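Below, read A as the first sequence line, B as the second, and so on, with proteins coming before strands; counting in each chain starts at 1. Bear in mind the structure is a predicted one, so any value in this text is a computation, not a measurement. Computed from heavy atoms alone, side chains included, the values below leave out hydrogens, waters and symmetry copies.
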Amino acid sequence: MERYEHKKVEDKWRKKWIEANVYKTTEDSDKEKFYILDMFPYPSGAGLHVGHPKGYIATDIISRYKKMNNFNVLHPMGWDAFGLPAEQHALKNKVHPRIGTDENIKTFKKQLEKISLNYDWEREISTTDPEFYKWTQWAFIQMYKKGLVYQSNEPINWCPSCKTGLANEDLENGACERCDTPIEKKKIPQWVIKITDYADRLLEDLDKLNWQEHIKELQRNWIGRSEGANISFKVKSEKLKDEEIEVFTTRPDTLYGATYMVLAPEHELINNEKLKIKNWSEVVAYQKEASKKTEIERTAEGREKTGVRLEGVMAVNPVNDEEIPIFIADYVLADYGTGAIMAVPAHDERDFEFAQKYNIEIKPVVLKKDEKARSVLMGIKNISEDDLSKIGVEIVEKKDDRYHVFIPFNKIEEYKELIRKKMENHFWNEFYTGKKFYFIFKHKDGKIEEFELNSDTNDQIDAYGMTFNDEQVKEKPENVYGWLAKNDFYKELLLSTDRGVMINSQEFDGMDSEEAKEKITKKAGGKMTTSYKLRDWVFSRQRYWGEPIPLIHCDKCGVVTVPEDELPLELPEVESYEPTGTGESPLAAIDEWVNTTCPECGGSAKRETNTMPQWAGSSWYYLRYIDPKNDKALVDKDKEKYWSPVDFYVGGAEHATRHLIYARFWHKFLYDIGVVNYDEPFSKLQTVGLIMAEDGRKMSKRWGNVINPDDVIERFGSDTFRLYEMFMGPFDASIAWSTEGLVGPRKFLEKIWKSYQSGYVGTETSENLKKTLHKTIKKVGEDIEEMKYNTAISAMMVLANQLENEKNMSKEDFGKLLKILSPFAPHMTQELWSQMGNDTFLVEETWPEYDEKYLSDDEITLVVQVNGKVRDKITVSADITEDEAKEKALESEKVQKYIGDKEIKKIIFVPGKLISIVV
RNA sequence: GCCUCGGUGGCGGAAUUGGUAGACGCGUUGGACUCAAAAUCCAAUGUUCGCAAGAACGUGAGAGUUCAAGUCUCUCCCGAGGCACCA
């Protein structure tokens with residue numbers, strides 16, 4: 001009997017497939033297309049580890065499956081090869097980054113070929129290839145022409161270790177995503193792309209994508225849309241009359257509670273000399289301090305808020321003309337909203353903290369809706385607990401001289417009556433009715449006065465409150481809500497961030513706060529607007545190994561784009577790739593490249609020396625596979641129409657808010673200028689789970705726990721490797737590698753090999769085995785479509801086990817088995833297929849159909865439950881009627897034992913499943 | 001703090017969407033073959049009690065709905081990922 005030697009089998013077929021060019025994608029086909037794509041890798045020096053191919057194997061399986069189902073499949077691969085590691089390597093070894101990059105690509109490709117992934121290598125691309133990045137530059141120029149690119153001098157995120165500016169997406173907790181170095185703010189001129197112009201579309205179009213909900217949610221959060229209002233406050237100082245500051249707020253309903261205003265330290269108005277800020281030096285000192293801080297220092301958890309008041313300047317609240325102080329504080333961010341806020345300490349935790357520190361008034365304007373009325377009850381000498389419980393009042397806290405109580409809404413009148421009768425003289429009681437506060441004053445002589453708290457009664461209540469406490473009446477009355485909020489029992493109602501009922505807000509009192517939002521905004525002369533967390537895309541990098549930005553600076557004409565017929569603008573050779581760290585790229589040192597002529601006026605001009613971020617090429621690479629050699633256009637329109645969009649995109653979840661946002665943006669732009677026919681690039685997205693090391697940690701050179709696929713393939717074979725990675729568990733789960741675990745899939749392959757070599761094939765297939773076979777055909781097809789490979793493989797294992805037991809199968813049926821296994825284990829199945837006398841390639845064969853008649857069983861096992869517990873299992877024919885089933889179930893001795901002489905109350909029959917008897 | 005997933009044997013994981021919990025694989029134990037070992041094959045393998053037949057318990061914890069809950073509802077605990085001074 002011939003032994004299964006994986007090496008021999010796999011080498012043989014790998015060679016034959018390449019010779020026969022079976023993976024080539026044919027154009028102009030009448031077949032339905034299917035574009036399946038992997039996120040292309042960065043070819044690192046370390047080569048592949050076993051985690052990389054997991055996604056590639058999955059797409060390979062789908063690709064083969066779709067081909068066998070008569071689809072025209074596009075399944076390409078390429079290289080995302082610009083980036084820092086190649087440059088770092090070049091610096092260290094004094095070779096051009098291109099050399100290292102090319103070597104790495106070669107290694108990666110060799111490794112991938114060993115797995116026999118059916119990529120059409122004729123469509124291979126690399127982002128570093130000038131013929132490719134020509135079109136990255138071209139798209140950038142189109143964006144520039146459409147006004148989507150602007151130069152910014154705002155301070156940007158700067159990584160002092162990578163010596164380059166970074167986009168918001170490149171940060172992780174305030175540090176560089178690559179090297180973990182804390183980010184500094186640095187002022188250097190930057191090219192920025194207005195991705196925020198697309199924020200709404202990026203958000204809304206998520207709804208039409210067939211992506212995992214969890215990834216869409218990440219994008220929604222990243223875009224971070226919030227509805228709110230822009231409202232202007234007049235600014236007053238000695239000299240200044242007409243200046244205004246606009247704030248952004250999501251809570252315009254709380255405008256009456258705005259007791260101060262805060263500007264970001266970088267806010268431009270501060271530098272307006274007319275403000276006549278009296279403590280100018282203090283303000284400047286604070287600005288300086290703030291600019292020095294790293295992102296991490298600024299946002300460190302638990303950090304106390306700081307700020308400086310602008311002395312001699314006040315803002316005027318547009319709805320009640322109240323003058324409020326203005327502060328600068330770094331808890332307000334310059335680049336979100338308008339860089340200025342109205343601070344409402346009563347309904348915002350940060351403002352509350354700041355107000356407490358700087359002793360600013362806290363004025364509640366929204367009363368939280370509560371389930372119960374509540375009160376702090378004093379003067380209780382004559383009030384017994386019994387008195388209270390009789391009318392349903394619940395004591396939540398008891399102190400010597402007071403109760404904190406909840407009052408049912410329908411007992412409020414009884415409660416009032418009790419207070420009037422039994423509260424001691426010279427006390428008052430206030431309680432919250434669910435909508436407002438109500439006061440009952442009992443004077444020394446027993447006279448009773450009652451008030452609802454509102455702006456008319458506020459002063460009177462405040463005055464009574466004072467005299468009852470034997471204090472002097474104040475000259476200026478206080479806000480009663482303010483002193484009520486000092487009591488913790490009321491604080492949670494008055495100082496909450498929830499929606500509720502308006503109070504303390506003149507004509508809006510009593511209104512629902514949601515409803516008040518728009519009305520108060522209107523009264524304030526503001527307008528409803530939307531703000532986003534998403535920032536514009538900082539697009540300049542001060543490094544060498546990236547696409548040169550195709551712009552020219554001319555003294556006369558300003559910034560001019562490089563003429564399109566001069567593209568690609570190639571990276572020049574340079575002596576030193578070393579980043580300068582000054583904010584200039586290494587390209588700035590090459591005079592003969594930098595100095596050029598202006599394409600508009602012909603005068604002398606200088607080239608832009610920054611390069612593009614690594615995300616540029618990957619934002620559109622998937623389009624180039626459709627038409628990789630086209631030198632007239634980014635992609636041919638007809639070809640694009642046929643192949644786009646990508647039907648299935650597979651890659652790591654870590655790209656959810658980076659690559660996948662940039663690519664969607666880039667694609668929408670290309671759609672807007674008519675280059676592509678669809679406004680979303682990837683209709684279905686599936687994320688791959690990580691493969692962890694055997695020790696449960698991430699695979700990393702640092703831990704020395706990396707598993708190289710070459711070693712695995714050498715020992716177990718590529719087919720086993722492929723099967724194992726798919727069998728490990730759910731595709732998107734991250735699971736630890738187990739070398740022991742490889743034995744299972746290997747044994748499974750050997751079982752099938754042996755079944756053939758032992759002569760089990762060629763005779764009859766039993767009825768039973770036929771049933772399993774057809775059920776398996778159905779299941780494997782369905783599971784592939786849903787990427788449930790682990791269960792597909794286990795179903796085939798069941799089939800193989802049964803074949804081994806029965807030792808008989810027809811040639812035709814065994815062929816079907818080989819076909820459904822072939823996407824998973826292409827080499828061994830192909831060898832057996834050929835040994836059976838076939839001279840075709842399995843990948844070019846047709847996927848077998850299952851026969852409905854084998855899917856249902858004639859006899860089934862019916863579970864019999866008594867009171868919900870399984871007591872017996874009876875074998876019956878599949879089409880048994882309810883009455884027959886009941887009769888049979890009751891005949892069972894075991895069942896009778898549990899029924900005994902008890903009365904049968906109910907019998908439930910679930911066809912094909914169970915019968916449940918309730919006694 | 002907020003958002004999104006998860007929690008099932010010694011381990012990776014199944015479970016037709018409310019209907020036999022633990023498929024399939026690994027590991028472990030026993031047996032066959034062998035001078036022996038490896039490989040292979042057969043059998044057992046959730047826990048507890050029991051010689052056995054069998055019984056009870058069992059899907060993070062607690063309650064609830066139901067004839068029936070891993071699956072639905074509520075409360076809580078733990079873990080992973082993401083966001084985080086975003087007004």
- Note on the structure: Atom CZ of A:Phe727 and atom C1' of B:rG13 are separated, to the nearest Å, by 8 Å
- Query: B:rA87, B:rA14, B:rC83: which one has an atom nearest the side-chain heavy atoms of A:Lys533?
  - Reply: B:rC83
- Task: Once you apply the 3.5 Å cut-off to both distances, tell me the Watson-Crick or G-U wobble partner of B:rA55, or none.
- Result: B:rU48
- Item | B:rC57 OP1/OP2 closer than 4.0 Å to side-chain N/O of A:Lys869 | yes
- Round to a whole Å and report the spacing from CD of A:Gln212 to P of B:rG82. 15 Å
- When the ring planes of A:Phe824 and A:Tyr789 are compared, do they come out parallel, tilted or perpendicular, using 30° and 60° as the limits? perpendicular
- A:Leu218 near the nucleic acid: base, sugar-phosphate alone, or nothing, with a heavy-atom cut-off under 4.0 Å? sugar-phosphate
- Message: Would you say A:Asn790 places a side-chain N or O within less than 4.0 Å of OP1 or OP2 belonging to B:rA14?
- Response: yes
- Item | Given B:rA87, B:rC42, B:rU20, the nucleotide with the shortest approach to the side chain of A:Lys873 | B:rU20
- Task: Between B:rU20, B:rA14, B:rG19, spot the one nearest the side chain of A:Thr861, thanks.
- Result: B:rU20
- Query: Heavy atoms under 4.0 Å, any strand shown: does A:Gln219 hit a base, just sugar-phosphate, or nothing?
  - Reply: nothing
- Message: Tell me the interatomic distance from A:Trp222, atom CH2, to B:rG81, atom C1', rounded to whole angstroms.
- Response: 14 Å
- Message: With a cut-off of less than 4.0 Å, is there a side-chain N or O of A:Lys747 near OP1 or OP2 of B:rC26?
- Response: yes
- With A:Asn705, the side-chain contact (heavy atoms from CB on, under 4.5 Å) member among A:Glu694, A:Met699, A:Lys698: A:Met699
- Using Watson-Crick or G-U wobble geometry with both distances below 3.5 Å, tell me the partner of B:rC76, or none. B:rG60
- Query: Between A:Phe731 and A:Lys54, is there a cation-pi geometry (under 6.0 Å to ring centre, at most 45° from the normal)?
  - Reply: yes
- Message: What's the closest nucleotide to the side chain of A:Ser794 if the choices are B:rA23, B:rG19, B:rU40?
- Response: B:rA23
- Query: Hey, does A:Glu740 reach any base, or is it just sugar-phosphate, or nothing, if we go heavy atoms under 4.0 Å?
  - Reply: sugar-phosphate
- Query: Checking all strands, does A:Asp351 fall into the base, sugar-phosphate, or nothing category for heavy-atom contacts under 4.0 angstrom?
  - Reply: nothing
- Message: Using only atom types and a distance under 3.5 Å, with no angle test, would you say the side chain of A:Tyr260 pairs donor to acceptor with the backbone of A:Asp351?
- Response: yes
- Query: More than 12 non-hydrogen atoms from neighbouring residues, nucleotides or ligands closer than 6.0 Å to CD on A:Gln212, yes or no?
  - Reply: yes
- Which whole number of Å gives the distance between the P atom of B:rA23 and that of B:rU75? 35 Å
- Considering only heavy side-chain atoms of A:Lys751, the closest of B:rA87, B:rC41, B:rC24 is B:rC41
- Query: If the P atom of B:rG9 is compared with that of B:rU48, how far apart are they to the nearest Å?
  - Reply: 14 Å
- Message: Counting the atoms with a prime plus P, OP1 and OP2 as sugar-phosphate, which does A:Val910 contact under 4.0 Å by heavy atoms, base, sugar-phosphate, or nothing?
- Response: base
- Message: Given B:rA55, B:rG19, B:rC85, identify the nucleotide with an atom nearest to the side chain of A:Tyr331.
- Response: B:rC85
- Verify the contact: side-chain N or O of A:Asn805 to OP1 or OP2 of B:rC41, cut-off strictly under 4.0 Å; return yes or no. no
- Mind checking A:Val918 for me? I need base, sugar-phosphate or nothing, with any heavy atom below 4.0 Å counting as a touch. sugar-phosphate
- With the side chain defined as heavy atoms from C-beta on, A:Asn801 is closest, among B:rG25, B:rA87, B:rU20, to B:rG25
- Donor-acceptor contact below 3.5 Å, side chain A:His347 vs main chain A:Ser496: yes
- Report the distance from atom OH of A:Tyr850 to atom NZ of A:Lys775, rounding to the nearest 0.5 Å. 13.5 Å
- Could you please name the option among B:rU20, B:rA15, B:rG25 that lies closest to any side-chain atom of A:Thr791? B:rA15
- For B:rG82 versus B:rG30, give the span between their P atoms, rounded off to a whole number of Å. 46 Å
- Query: How is A:Arg535 classified with respect to the nucleic acid when contacts are heavy atoms under 4.0 Å: base, sugar-phosphate, or nothing?
  - Reply: base
- Task: Looking at every strand, decide which applies to A:Lys905 at a 4.0 Å heavy-atom threshold: base, sugar-phosphate, or nothing.
- Result: nothing
- Message: I'd like to know whether A:Glu213 forms a salt bridge (charged side-chain N to carboxylate O under 4.0 Å, His left out) with A:Arg220, so could you lay out the CA-CA distance, the side-chain angles of the two residues, the decisive distance to 0.1 Å, and finally the verdict.
- Response: CA-CA 10 Å; A:Glu213 201 45 48; A:Arg220 287 192 192 104; 3.1 Å; yes
- Send over the distance from A:Lys913 NZ to B:rG18 C1', rounded to a whole Å. 11 Å
- Task: For A:Ser226, answer base if it contacts any base atom (sugar-phosphate contacts may also be present), sugar-phosphate if it contacts only those atoms, and nothing otherwise; contact means non-hydrogen atoms under 4.0 Å.
- Result: sugar-phosphate
- Query: When all nucleic acid strands are considered with a 4.0 Å heavy-atom cut-off, which category describes A:Val262: base, sugar-phosphate, or nothing?
  - Reply: nothing
- With the side chain defined as heavy atoms from C-beta on, A:Val332 is closest, among B:rC42, B:rA87, B:rC3, to B:rA87
- For A:Thr249, report the nucleic acid contact type (base, sugar-phosphate, nothing); a contact means any heavy atom under 4.0 Å. sugar-phosphate
- Note on the structure: pair_partner(B:rG1), Watson-Crick or wobble, both distances < 3.5 Å, evaluates to B:rC83
- Task: Answer with base, sugar-phosphate or nothing: what part of the nucleic acid does A:Tyr898 contact at a heavy-atom distance below 4.0 Å?
- Result: sugar-phosphate
- Message: Using a heavy-atom cut-off of 4.0 Å across all strands, would you classify A:Ile735 as base, sugar-phosphate, or nothing?
- Response: sugar-phosphate
- Query: Can B:rG60 be described as syn, meaning its chi torsion is within 90° of 0, or is it anti?
  - Reply: anti
- Message: Please give the distance between the P atoms of B:rG62 and B:rA43 as a whole number of Å.
- Response: 38 Å
- Phosphate-side-chain proximity, A:Lys906 and B:rC67, N/O vs OP1/OP2 below 4.0 Å: yes
- Task: For B:rC33, give its Watson-Crick or G-U wobble partner with both distances under 3.5 Å, or none.
- Result: none
